[in-house]
Visitor: 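Could you have a look at this structure, given as structure tokens, before my questions?
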Amino acid sequence: MLPKKGNKLHLDEEDVAFAMMIAEALDMDLGRTHQGVKTAMRWTGASERSVKHWFAGSHAPRGRHLVALMRNSNPVLTRILVAAGRRDVLLALEVATLRSRLEAMLALLDQFSIDGAHDPARREA
């Protein structure tokens, strides 16, 4: 008789739900491709086997790997904040993102008007 290989961990429902939440966020951000796995490995320094488990939802990242995913993946960060009941922080992040996009758009509009090609004041003169 051959010995069993590996350990089967008995996860409770919350652990399974957390692992699936991370898997869905990674899938949304990186897709289910080998390149997505490699990207997550580069972000976290985790092994390929660990990252594949995260994508499958059979295990969840812990500690420094989770922090690295949150640093690099907005879907992971968003889901963690929602799960922690910190929608207020999520709202603040969204406002900051919108503000930076608005500033970029205003800079583009300023550049457009500096070029003078479409400046109504120049056409009337």
Side-chain angles (χ1 to χ4, degrees):
M1 183 171 206
L2 296 173
K4 284 186 173 182
K5 293 184 180 180
N7 294 329
K8 288 283 186 181
L9 300 176
H10 300 287
L11 303 174
D12 62 22
E13 288 182 28
E14 286 183 2
D15 290 337
V16 171
F18 181 72
M20 289 306 298
M21 178 183 72
I22 298 298
E24 290 168 1
L26 288 172
D27 185 38
M28 175 189 287
D29 199 16
L30 302 173
R32 290 190 179 265
T33 64
H34 187 65
Q35 186 61 39
V37 171
K38 292 290 188 184
T39 299
M41 289 171 58
R42 196 170 42 254
W43 287 349
T44 62
S47 71
E48 183 174 5
R49 181 176 178 180
S50 292
V51 174
K52 285 183 176 181
H53 283 299
W54 302 341
F55 272 85
S58 58
H59 296 81
R62 292 176 178 85
R64 66 185 178 95
H65 295 142
L66 181 59
V67 171
L69 288 174
M70 291 168 61
R71 182 180 304 120
N72 290 284
S73 172
N74 285 339
V76 172
L77 176 61
T78 298
R79 289 201 161 128
I80 294 294
L81 289 173
V82 169
R86 297 301 309 265
R87 289 184 185 269
D88 57 328
V89 175
L90 183 59
L91 181 60
L93 289 172
E94 289 174 0
V95 168
T97 300
L98 288 173
R99 181 184 181 108
S100 65
R101 287 182 182 170
L102 180 59
E103 288 172 350
M105 182 60 71
L106 290 172
L108 181 64
L109 288 172
D110 287 345
Q111 183 63 40
F112 186 67
S113 66
I114 288 172
D115 291 340
H118 293 82
D119 189 355
R122 290 189 81 187
R123 271 191 249 162
E124 293 175 8

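If you're wondering where the values come from, they're calculated on a predicted model, not measured in any experiment. Only heavy atoms go into these numbers, but all of them, side chains included; no hydrogens, no water, no symmetry mates. Along the sequence shown, residues are numbered consecutively beginning with 1.
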Visitor: Tell me the closest heavy-atom pair linking A25 and R79, and the distance in Å.
Guide: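 Smallest interatomic distance, heavy atoms only, reads N-NH1, 2.9 Å.
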Visitor: Which atoms form the tightest heavy-atom contact between V51 and A46, and what is the distance?
Guide: CG2-CB, 4.0 Å
Visitor: Could you check if a side-chain atom of M105 sits within less than 4.5 angstrom of a side-chain atom of L108, using non-hydrogen atoms only?
Guide: yes
Visitor: Looking at T39 and Q35, would you say the former's side chain and the latter's main chain have a donor-acceptor pair under 3.5 Å?
Guide: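 Checking the backbone N and O of Q35 against the side chain of T39, a donor-acceptor pair under 3.5 Å is found.
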Visitor: So which atom in A60 and which in A19 form the shortest heavy-atom distance, rounded to 0.1 Å?
Guide: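 Of all heavy-atom pairs spanning A60 and A19, the closest is CB-CA, 3.9 Å.
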Visitor: For the OG1 atom of T44 and the CE atom of M70, what is their distance to the nearest 0.5 Å?
Guide: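 Between T44 OG1 and M70 CE, I get 14.0 Å after rounding to 0.5 Å.
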Visitor: For the atom pair CG (D15) and OG (S58), what is the distance rounded to the nearest 0.5 Å?
Guide: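 Here the rounded value is 12.5 Å.
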Visitor: Mind checking the CD-CG spacing from E103 to L98? Nearest 0.5 Å is all I need.
Guide: 11.5 Å
Visitor: Going from CD1 on I22 to CG on D27, what distance comes out if it is rounded to the nearest 0.5 angstrom?
Guide: 12.5 Å
Visitor: Would L26 and V16 show up in the same hydrophobic cluster when neighbours are defined by side-chain heavy atoms closer than 4.5 Å?
Guide: no
Visitor: To the closest 0.5 Å, what do you measure between NZ (K52) and NE2 (H59)?
Guide: 14.5 Å
Visitor: In terms of heavy-atom contacts, does CD of E14 have more than 12 from other residues, nucleotides or ligands at under 6.0 Å?
Guide: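 Counting neighbours around CD of E14, 12 or fewer heavy atoms of other residues, nucleotides or ligands fall under 6.0 Å, so no.
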Visitor: For residues E48 and H34, determine if any side-chain heavy atom of one lies less than 4.5 Å from a side-chain heavy atom of the other.
Guide: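 The answer is yes, as the side chains (C-beta and beyond) meet within the 4.5 Å cut-off.
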Visitor: So, do L81 and L93 sit near enough that their side-chain heavy atoms are less than 4.5 Å apart?
Guide: yes
Visitor: Please find the pair of heavy atoms, one from W43 and one from A68, that lie closest to each other, and give the distance.
Guide: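 Residues W43 and A68, closest heavy atoms: O-CB, 3.5 Å.
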Visitor: Is there a side-chain contact between R101 and T97 in this structure, where contact means two heavy atoms from C-beta onward sitting under 4.5 Å apart?
Guide: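 Side chain of R101 against side chain of T97, heavy atoms only: contact under 4.5 Å found.
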Visitor: To the nearest 0.5 Å, what is the distance between CG on N74 and CG on L69?
Guide: 12.0 Å
Visitor: Between N72 and D29, what is the shortest heavy-atom contact and its length?
Guide: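 Smallest interatomic distance, heavy atoms only, reads O-OD2, 4.2 Å.
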Visitor: Looking only at heavy atoms, what is the nearest atom pair of M20 and G57, with distance?
Guide: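 Shortest heavy-atom separation between M20 and G57 comes out as SD-CA, 3.8 Å.
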Visitor: Can you check whether R87 reaches V82 side chain to side chain, under 4.5 Å on heavy atoms?
Guide: yes
Visitor: Is the H65 ring parallel, tilted or perpendicular to the W54 ring (thresholds 30°, 60°)?
Guide: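 Answer is tilted, since the angle falls between 30° and 60°.
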Visitor: Does M21 belong to the same Ile/Leu/Val/Met/Phe/Trp/Tyr cluster as V89, with side-chain heavy atoms less than 4.5 Å apart forming each link?
Guide: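 Yes, one cluster joins them.
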Visitor: Test your reading of the model: is there a side-chain donor-acceptor pair from R32 to the backbone of F55, 3.5 Å cut-off?
Guide: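 Confirmed, R32 side chain pairs with F55 backbone.
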